[in-house]
Enquirer: 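Encoded as structure tokens, here's the structure I'll be asking about.
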Amino acid sequence: ICLINASAEMALEIAERIRLRISQLRFSEHDMLRCSASFGVATLAPGETLAQLLKKSDEALYEAKRRGRNRVQVADCSCLVATA
């Protein structure tokens, strides 16, 4: 998801809302089936290319997965959003 003119805080909030909605999905035929999602959030620094931005967000995504999945990880930040 690419957000134009959004701060890291705004992007983090949006990613967390999406993550929560996905975790609340229930499938009527398979009530025990649960979905989750991990997100990497990064902001474009001055002089940075789109490829560099995508690399940062991808690395943040994999860090979220390493830390237990179903999380939002901000690039260049050790903060995580706690999840269920």
Enquirer: What's the spacing between F39 CZ and I22 CD1 if we round to 0.5 Å?
Expert: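 So the CZ of F39 and the CD1 of I22 are separated by 4.5 Å.
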Enquirer: So, E59 side chain and K56 main chain: donor-acceptor pair closer than 3.5 Å or not?
Expert: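 Side chain of E59 to backbone of K56: no pair is present.
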Enquirer: Taking NZ, NE, NH1 and NH2 as the nitrogens, is one of them in R66 or E63 under 4.0 Å from a carboxylate oxygen of the other?
Expert: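 Yes, charged N to carboxylate O under 4.0 Å.
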Enquirer: Looking at A45, is its backbone amide N or carbonyl O close enough to the side chain of E48 to form a donor-acceptor pair, meaning the two atoms are under 3.5 Å apart?
Expert: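 It does hold such a pair.
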Enquirer: Can you measure from NZ (K65) to OG (S36) and round to the nearest 0.5 angstrom?
Expert: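 Reported to 0.5 Å precision, the distance equals 7.5 Å.
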Enquirer: In the single-linkage hydrophobic clustering (I, L, V, M, F, W, Y; side-chain heavy atoms under 4.5 Å), do Y62 and L12 co-cluster?
Expert: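 Each belongs to a different hydrophobic cluster.
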Enquirer: Rounded to the nearest 0.5 Å, how far apart are CD of E16 and OG of S23?
Expert: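 The CD atom of E16 sits 8.0 Å away from the OG atom of S23.
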Enquirer: Could you measure the distance from the OG atom of S57 to the CD atom of Q52? Nearest 0.5 Å is fine.
Expert: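 Taking OG in S57 and CD in Q52, the distance rounds to 12.0 Å.
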Enquirer: Please tell me whether L44 and L54 are part of a single hydrophobic cluster in this structure, the criterion being side-chain heavy atoms less than 4.5 Å apart.
Expert: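 Yes, because L44 and L54 connect within a single hydrophobic cluster, where side-chain heavy atoms sit under 4.5 Å apart.
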Enquirer: Going by heavy atoms in the side chains, are V72 and V41 under 4.5 Å from each other?
Expert: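 With C-beta onward as the side chain, the pair touches.
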Enquirer: Going only through I, L, V, M, F, W and Y residues with side-chain contacts under 4.5 Å, is there a path from L3 to I18?
Expert: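 Yes; tracing contacts between hydrophobic side chains, which count when under 4.5 Å, links both residues.
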Enquirer: Verify the cluster assignment for L61 and L53: are they in a single hydrophobic cluster under the rule of side-chain heavy atoms below 4.5 Å apart?
Expert: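 No, L61 and L53 fall in different hydrophobic clusters.
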Enquirer: Hydrophobic clustering (ILVMFWY, side-chain heavy atoms < 4.5 Å, transitive) - are I1 and L50 grouped together?
Expert: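 Looking at the clustering, I1 is in a separate group from L50.
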Enquirer: Looking at every heavy atom in both A37 and R19, which two are closest together, and how far apart are they?
Expert: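 Minimum heavy-atom contact is O-CG, 3.3 Å.
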Enquirer: Looking at OG1 of T43 and CD of E9, how far apart are the two atoms once the value is rounded to the nearest 0.5 Å?
Expert: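 That separation rounds to 9.0 Å.
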Enquirer: Okay, side chain of S38, backbone of R69: is any donor-acceptor separation there less than 3.5 Å?
Expert: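 No.
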